[in-house]
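What you are looking at is a predicted structure, and each value in this text was computed from that prediction instead of being measured. Proteins get letters first, then strands, A, B, ... in listed order; numbering begins at 1 in each.
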Amino acid sequence: MNQSNCKGSMSTASSSTNWKANDVVPDQFPAGLRVLVVDDDPTCLVILEKMLRTCLYEVTKCNRAEVALSMLRENKNGFDIVISDVHMPDMDGFKLLEHIGLEMDLPVIMMSADDGKQVVMKGVTHGACDYLIKPVRIEALKNIWQHVVRKKKNEWKDLEQSGSVEEGDRQQKLSEDVDYSSSANEGNWKNSKKRKDEEEETEERDDTSTLKKPRVVWSVELHQQFVAAVNQLGIDKAVPKKILELMNVPGLTRENVASHLQKYRLYLRRLSGVSQHQGMNNSFMSPQDATFGAMSSLNGLDLQTLSVTGQLPAQSLATLQAAGLGRSTTKSGIPMPLVDQRNLFSFENPKLRFGEGQQQQMSSNKPMNLLHGIPTTMEPKQLASLHQSAQSIGSMNMQVNTHGGQGSSLLMQMAQPQSRGQILNESTSSHGPRLPSSIGQPIMTNGIAGGVIGRNGIGDNSRGTGYNQVPPSSSMLSFPMNHTTELAGNSFPLGSSPGISNVTSKGPFQEEGNSEMKGSAGFISSYDIFNDLNQHQHKSHDWELQNVGLHFDASQNANPIQGNLDVSPSVLVHQGYSSSQRSGQNRNASAVGRAMFSGVECVEQGNMQNFSPHLNNLLVDNSIRVKAETIPDANSQTTLFTEHFGQDDLMSALLKQQQGGIGTAETDFDLDGYSMDNIPV
Amino acid sequence: MEGSPLLRQVAHQRQALFDEGLLDEQFVQLEELQDRTNPNFVEEIVTTYYQDTSRLILNIEQELERRPLDFGRLDGYVYQFKGSSTSFGAKKVKAECSLFREYCRAGNGEGCMRTFQQLKREYATLKRKLEAYFQLARQARLTQTASPPG
């Protein structure tokens, strides 16, 4: 077993092989599982480390929660699971648990010598996936891998729900997508962050991020509306349904609100130190992940996604689309402008349309789905809110594929599954580039989409972020690395993301194999990022847009990548969060992203592997999800991806699509913030 | 080997540690973790345990000199002591810690001090016996290597 020291997981990533959420598990699994152990008791820490090593896991130990958190943040995809003590001097274990859940979406196991019912219950309510009583026996540790797999499975499931992506395909795609998306995402994220205000079509980015699930991006405005509604109702009486009514945001679903509310409650609790929620528990909405994930995504992520989406859209989307679709990327003009703001929801609408319109779009290459392959729409489930958008995106993605035909074979490929649902991209973001077309390429789209989608998962997705969702399954995800760099160009906007560097400027997807990979990485990461963000991690609960991780070279991507890249940054960001966890879980998104990265140059850690499967799924799902967001047919013309996506082309395409192709659609969608170029549909 | 008196003695002493309630099942887990790659694992853990707990003992002593007693802080230290002891398998020490904590929670300063004295005694006993055991075990190992089983 490799001993991982603080980093720990990087090396393991490769050794851990692809962690496919699906039933496929590497032979050596669970060996190589990257575990982060946090406990202030040195005796216990050493013992745990030894036990875990004996189980053939890769262990990183840490005696301070803050250090652990920063390790997780730095290395988003570096860990698969976290084990933490409850009582620690510098930070309460539950607090750490929350952070991890929101930011990285990794499974966390709590442990303590205290076995009182209350404490155990607290663990449950805070989202711990298990609770171990000290002294911990090695037998108890042998099976912790189940939590990693379970989480991934859930994520996959969400993706699947939106679409019927075959896991196998998805995985494949995802992995590929991941590669792309991660980079793309990262780029997108970055871009989006930067551009938040610019209102770029972040939608496209969203698409990419929605590989997994469409996420609603909770923009600052949206969140303010939410808070206002909650305050009006009274925190105790604030139920999602009423909040939704008060907010009156079209396209926002009750689930979106519910998950956001959950996170919000957690956040308030943290602030006040009062456990207000018991309610939260209820809202634990269904899957914990959903709750957390959603919350996180809502909070921090949304913002980010927003930004991402915003950013992505134009560029990433365009690029993504271009790449994916091979079409004129210009179209998309990256639709989703900063999703952050209102766009999120507005995107949702469009996205929703996509869902419906997907079919149409698909054929027409709606630029929207920049993220065709990328499930920008992020599984509705996950995001709850994103739900809608995701759906559309999902559908969009599907669509994207159809038109993907264009240059962006990648996208197109993704699009293949288009039948799926129209590439989500299409619907949602008018991102011109419909990523979806080739999910294979997908990463790009995904990345973008992820990025875009990641953003919010929601609305953004619709933005055309080309739901990278791109019809999962099929080839799409398989990023055809060959596809040409298109994706690369596009998707890697995320470039900033750690591995993604490629995305950025890959220029027209020339780099086919590589670029794509990168792209995907970018995308994938984006997805992850988004996914993660959206889902849980949410970046540090920031209720504000944090550019979480958007440190990706947004610059590179930011515009340059035209769309795709933008996504990446943002997307990557996501990933970072989730990944830190090692999360394989967040993996969904992150995995994708991670995978992307890993696959891509970044190779973050072996994520690639993980991602791939994830990405595929994500992408697939995204596409499916995109449906909801699918951009209104209007964009259908904008084939999301122009064939030849040069980076610039892509970007422009995306942008254009968003504006142009989707332009019309956009208006429909009401992408406020997003200047979605109509997603070429 | 089986018949070696030294080894028998080692085994006997080890068993006594358990019989006297000084160590529990957790210690066995530690022993099981020791292997070729980590032949001195148990002793390493013991060292870590001693370091940790001696620091805690100092902290507790300081706390007990404060007036008024800060039971919250005291409890915190004892909690840590208990945690380490639990992971290590120090049964009696752990029991004393539990008792100590109860007094802390009850705000019983006298009870705390009394229990602390007891805790220190048990802790000293454990250390002594463990040391004797390890020494013997080391000796036995040396003898073993020195005279390979024939």
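- With a threshold of 4.5 angstrom between heavy atoms, Thr47(B) does not approach chain A through any atom at all.
- Contacts of Glu25(B) with chain A are made by side-chain atoms alone, with heavy-atom separations under 4.5 Å and no backbone atom involved.
- When side chains are defined from C-beta on, Met51(A) counts as touching Leu33(B), because their heavy atoms get closer than 4.5 Å.
- A side-chain contact (heavy atoms from CB on, under 4.5 Å) with Thr48(B) holds for exactly one of Thr43(A), Ile47(A), Leu45(A); it is Thr43(A).
- With a 4.5 Å cut-off on non-hydrogen atoms, Asp39(A) does not touch chain B at all.
- Note on Leu30(B), Ile45(B), Asp35(B): by heavy-atom pairs under 4.5 Å with chain A, the leading option is Ile45(B).
- Considering only heavy atoms from C-beta on, Asn38(B) comes within 4.5 Å of Lys50(A) through its side chain.
- Surrounding CD of Gln118(A) are at most 12 heavy atoms belonging to other residues, nucleotides or ligands under 6.0 Å away.
- In this structure, Tyr79(B) and Ala113(A) approach most closely via the heavy-atom pair OH-N, 4.1 Å.
- The two atoms that bring Ser87(B) and Pro135(A) nearest to each other are CA-CB, 4.4 Å, heavy atoms only.
- For Glu139(A), the CD atom counts as densely surrounded, since its 6.0 Å shell holds more than 12 non-hydrogen atoms of other residues, nucleotides or ligands.
- If you take NZ on Lys134(A) and NZ on Lys82(B), they are separated by 11.0 Å, rounding to the nearest 0.5 Å.
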